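First comes the structure, then the notes that go with it.
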Amino acid sequence: MSNTASEESLLQFPCDFPIKVMGKNAEGFAQAIADIVVAHAPDFDPATMEMRPSKENRYLSLTVTVRATNKEQLDALYRALTAHPMVSMVL
């Protein structure tokens, strides 16, 4: 069995997949992330996004849970999120 086959079998699709996105608590950050997620997972409801500010309110942690249909979809979503200038980290 190849490494690619064993890596792809770690998740069974479709599945609900939570993604945490962190960035500076700036105006438009949450909307920008919601727009990216909807572009890759059209059935995502932005109203379900969880928001948690840091202790001093400088940073914002967003948790989005998408209904992932395949590995390529998740990879593309991660690439788009990490490429955005307002994003500090994606987990």
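These numbers were taken from a predicted model, which means no experiment stands behind them.
Under the 4.5 Å side-chain criterion, counting only non-hydrogen atoms from C-beta, Phe29 is not in contact with Lys24. Looking at heavy atoms from C-beta onward, Arg58 lies out of side-chain contact with Asn25 at the 4.5 angstrom threshold. Here the side chains of Thr48 and Thr65 are not in contact, with every heavy-atom distance at 4.5 Å or above. The shortest distance between side-chain heavy atoms of Val87 and Thr82 does not fall below 4.5 Å.
If you chain together hydrophobic residues whose side chains sit under 4.5 Å apart, Met49 and Leu74 fall into the same group. Cluster membership for Phe13 and Phe17, using ILVMFWY side-chain heavy atoms within less than 4.5 angstrom, is shared. Tracing side-chain contacts under 4.5 Å through hydrophobic residues (I, L, V, M, F, W, Y), one never reaches Tyr59 starting from Ile33; they form parts of separate clusters. In this structure, Val38 is a member of the same hydrophobic cluster as Leu62, with clusters built from ILVMFWY side-chain heavy atoms closer than 4.5 Å. Residue Ile19 is not grouped with residue Met22 when hydrophobic side chains (ILVMFWY) are merged at heavy-atom distances under 4.5 angstrom, including chains of intermediate members.
Within a 6.0 Å radius of CZ in Arg67, more than 12 heavy atoms belonging to other residues, nucleotides or ligands are found.
To the nearest 0.5 Å, the span separating CD on Gln31 from CE on Met86 amounts to 11.0 Å. Taken from CD1 in Ile36 to OH in Tyr78, the straight-line distance is 13.5 Å, to the nearest 0.5 Å.
Residues Ala68 and Gln73 come closest through the heavy atom pair CA-OE1, 3.2 Å. The shortest heavy-atom contact between Ser88 and Gly23 is OG-CA, 3.6 Å. Between His40 and Ala76, the shortest heavy-atom distance links the atoms CE1-O, 3.7 Å.
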